[in-house]
Asker: 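Structure incoming, see below.
Throughout, protein chains are lettered first and strands after them, A, B, ... in sequence-line order, and every chain is numbered starting at 1. Since this is a predicted model, take the numbers as computed values, not measurements.
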2 protein chains.
Amino acid sequence: MANARDVAQLAGVSVSTVSRALAQGQHVSADTRERVSAAAARLGYRPNPTARGLRMGRTQTLGLLVPDLENPYFASVTKGVQARARAAGYGLFVADSEEDAPTEPELVREFAQRVDGVLLASPRSDDETLLRAVEGIPAVLVSRDVEGLASVAVDDADGSAQALGHLHALGHRRVGVAAGPGNSWSGGRRVDGLRAAAEQLDGVTLAELGSFPPYFSGGFAAADHAVAAGVTAVVAFNDLMALGILDRLRGRGVRVPEDVSVVGFDDVPVATLVSPALTTVHVPRAGLGRRAVDLLVAALDPARHPEPPAHHRLPVEIVVRGSTGVPGRPDHRTSTP
Amino acid sequence: MANARDVAQLAGVSVSTVSRALAQGQHVSADTRERVSAAAARLGYRPNPTARGLRMGRTQTLGLLVPDLENPYFASVTKGVQARARAAGYGLFVADSEEDAPTEPELVREFAQRVDGVLLASPRSDDETLLRAVEGIPAVLVSRDVEGLASVAVDDADGSAQALGHLHALGHRRVGVAAGPGNSWSGGRRVDGLRAAAEQLDGVTLAELGSFPPYFSGGFAAADHAVAAGVTAVVAFNDLMALGILDRLRGRGVRVPEDVSVVGFDDVPVATLVSPALTTVHVPRAGLGRRAVDLLVAALDPARHPEPPAHHRLPVEIVVRGSTGVPGRPDHRTSTP
DNA sequence: AGGATGACCGCAATCGATTCCATCAATTGC
DNA sequence: GCAATTGATGGAATCGATTGCGGTCATCCT
C-alpha cells in the first residue's frame, strides 16, 4: 500500500506538500497540486486512517450499540445509521449487547477510544447507568430520552392516541392493553399515551392485561388475558407481540377482526406478511437512525458552538390493515354453528 | 483520558516499562509490574487503539460487508459475526451495500486500511469482481464460494435433497421450483440440488416455474405459475418467497397444505410466525458468521503458517412444520361445495 | 576478587499523516 | 531600487503506543 512518502517521491515534493495538496488544496500552487494528485492517483494512494486518526484525534468513525441485531426494529435502525454515517463520511462500529444491560457500559468504554461518537439504543437500562456510561463521549440516544443527553425518539403517546382513536371510530369501547416489559422506556410512554387518550374519548375503558415479554411468545399469554377480559380489541406494545396475539386467537377459534381487533406498534416488515395483515402504528425506524446520525455529526463539528442536548421527536402514523374492524358480538367465545 | 505517560509518571517508571508491564509482562520485575498495574487501574488507563494500530499495523478490527442489514438472513449472519468477533478481541466495522454490487469493491477498499480482515457476503457479484476487490486483504466469503478465496457456506444441495425427499415421502410427484435471481450463487446450487435429487427419486418430476425476486412479492408471481403448472408442492428459493406464495395461494382460495404444500429455505424467524408455519430448510445463519470469523482470525494469526484457502460447509436440516402435507386432489382449483 | 552473565529498565526510533514554523523566492509598493 | 509583504515549500515536531538497543546494576562463578 502506497503511503504519503511514496507519493511525495514520485511527485518530487515533500510529504507536507502532499498532505496540503490533497487535503485543503490551500497553500499549494495549482501546478504542484496537479502533480501530487496525479502521483497519488497513479499509486492508488489513500491516506492511512489510523495515522490520520492518531494525529487529528478523530477517527471518522461512529459507534452504534443495540440490544439485538436480529430484532427487526433495531435492524432497521442499524440500516439507517449505516447509510447516513457513510454518506457523512463516517465508518460504523457496531456492537450488540445481547439484551444484557450490564455489559452496555463496558461496550461503550470499548468504543470510547475508537469512535468519535456513540449512538445508543438501550430501551432497558436506567437513566443513571446510561449517563455514566457515555460520560465524556459525544452521544445520541435512540428511541428513548434521558435528561441531559441528546436523543431521537418517536411520538409514542401520539401513536397510542391514533391507535385508540382508530379503534374508537370503529366502535370499540372496551380495549385491552398488552404492555411490554415494565422497564421499557417507550413501553411506558405508549401505555401512558393510551391512558391519556382514553380519558379524551367517549366511553372508552382500558383493560390493562399486564406486562408481557416483547416477543411473539409474549403475545400468547396476552391473548388469553384479552379473551378472559372480554375486550373487543387489543393494543399490543409492539408488532411481534401483536403477531403472537393474532396466532393465539386463531388457535382458540377467535376470529380477527370479526371477534377481536388487534393493533400493533412499530410496523416492522413482517406486519404485512401475515394474514390478516396487521394494523399498526408506523414508526420510522431507519429515519430514527438517520436523524440520530445527523445530530451526532452536527455535534461533532468543531466549527459548531455546542448546543444543549435536545430531545427530538419524529412523527408516527397508524397504518390500517386487516386486523382491525368493527366490533362483533361481545361474547365471541361461543362458536358459530 | 489517561495515556501511557500519565501511568508512567504515577508509577515512577518510563513509558516503555508501562507498555511492557501491561503487555506481555515479560522483562519486568514483579514489583514494577504490580506498581504499573495499580497506577493503570487507578487512572482507568486503556491503551489507545489508534496509536497501537499505527505502530503494530493491526487494528484488531474486522469488516463485514452485507447486501442488506434489514434482510433477516444477513441480520442473523451479522449477529453471529459480531458476537464471535468480540469474543476473539476484535471490533466490527459494518457496511451495507444496499444490494448494489458495483459499490462493493469500493466499500472493501474503504475497509482496507481500517480493518485486519474482511468478511464478505455478496451473493450476486461475479467471481472476478470479488477476487479483485479483496486483493491483498485477508478475506473470508460467506454463503458462497470463489476459487482462490476462503469461504463458509452451507450444503445447499443437501438441503434441496432433504426438501425434495420430504415431499417425496409425503407422496408428491410433481413439484414446482420457484428459483431466485439467476446470478445468486446459492440459488444456483439449490436448483442444481433439486435437479440432482429428482433424478434419484422415483417418479418425481420438477416443474421449473422460473426466476423470481427473492422477496415476499416474488412469491406472488411464483404462486400463480405454480397453480397454472398444476403442481402439488412448491419449493421456494427462500422463506420470504415461500411466504409470498403462501399468501397468494390463500388469496386465490388454494388451501395449504391440503391442496398445495410449500417448502421454504433458510428458516428465518418469521417462518414460525405465520399460519400455517412454514416447513423449511434450516440454515445456521449465525453459525455461518461465527465460523467465518474463526477462519479469518486464524488466518490473521501471525504464528500460523498460511494455509491454502478452503471452502467450508455447514450442515442444514429440514424443519417440518404446517405448510407441507400429503397431496390432495390434483385439480385443487375446483372449490369444495 | 574480578569479570562474565543476565535481569531490568530507559532512551530513542518508529508507524503515517498533519501542521506549525522557518525559509526562500517572487511580487508589490513607495 | 530597495524594503515589505505574500505565497509556496520543506523541515521537524507531534499524536500514543511498541520495541530494538544499550546501559546499569546485582549476582554468580571460578
Asker: Could you state the atom-to-atom distance from CD of A:Q9 to C1' of D:dG10 in whole Å?
Answerer: 15 Å
Asker: Which value, rounded to the nearest 0.5 Å, describes the distance between A:L288 atom CG and A:L141 atom CG?
Answerer: 12.0 Å
Asker: Can you give each donor-acceptor pair under 3.5 Å made by side-chain atoms of residues 36-46 of chain A, sequence neighbours left out, with the distance rounded to 0.1 Å?
Answerer:
residue : atom : partner : partner atom : Å
A:S37   : OG   : A:R33   : O            : 2.9
A:R46   : NH2  : B:E106  : OE1          : 3.4

Asker: If you draw a 6.0 Å radius around NE2 in A:H27, do more than 12 non-hydrogen atoms from other residues or ligands fall strictly inside?
Answerer: no
Asker: 5' to 3' on DNA chain C, which nucleotides open and close the contacts with chain A (atom under 4.0 Å from a heavy atom)?
Answerer: C:dG16 to C:dC20
Asker: In whole Å, I'd like the distance from the CZ atom of B:R5 to the C1' atom of D:dA17.
Answerer: 12 Å
Asker: Mind checking if A:S19 touches a base, just sugar-phosphate, or nothing, with heavy atoms under 4.0 Å?
Answerer: base
Asker: Between A:R144 and A:S125, is any side-chain donor less than 3.5 angstrom from a side-chain acceptor?
Answerer: no
Asker: Reading DNA chain C from 5' onward, which residue's closest nucleotide shows up sooner: B:D31 or B:Q113?
Answerer: B:D31
Asker: To the nearest Å, how far apart are A:E34 CD and D:dA8 C1'?
Answerer: 17 Å
Asker: I'd like to know whether B:T59 forms a side chain to side chain donor-acceptor pair (under 3.5 Å) with B:Y90, so could you lay out the CA-CA distance, the side-chain angles of the two residues, the decisive distance to 0.1 Å, and finally the verdict.
Answerer: CA-CA 8 Å; B:T59 56; B:Y90 284 82; over 6 Å; no
Asker: Can you work out whether B:R20 or B:Y45 has the more 5'-proximal nearest nucleotide on DNA chain D?
Answerer: B:Y45
Asker: Just checking, is any N or O donor in the side chain of B:S16 or B:S19 under 3.5 Å from an acceptor N or O on the other one?
Answerer: no
Asker: Both A:V15 and B:R46 contact DNA chain D. Taking the nearest nucleotide for each, which residue is further toward the 5' end?
Answerer: A:V15
Asker: When all nucleic acid strands are considered with a 4.0 Å heavy-atom cut-off, which category describes A:V18: base, sugar-phosphate, or nothing?
Answerer: nothing
Asker: Taking B:D294 first and then B:R290, would you say they form a salt bridge - that is, a charged N and a carboxylate O separated by under 4.0 Å?
Answerer: no
Asker: So what does B:S16 touch, heavy atoms closer than 4.0 Å: a base, only the sugar-phosphate, or nothing?
Answerer: base
Asker: Of the residues in residues 50-62 of chain B, which ones touch DNA chain C at a heavy-atom distance under 4.0 Å?
Answerer: B:L54, B:R55
Asker: Do A:R132 and A:D126 sit within salt-bridge range, that is, some charged N less than 4.0 Å from a carboxylate O?
Answerer: no
Asker: Could you walk me through whether A:E98 and B:K79 pass the salt bridge (Lys or Arg N to Asp or Glu O under 4.0 Å) check?
Answerer: CA-CA 9 Å; A:E98 304 191 352; B:K79 178 142 181 141; 5.3 Å; no
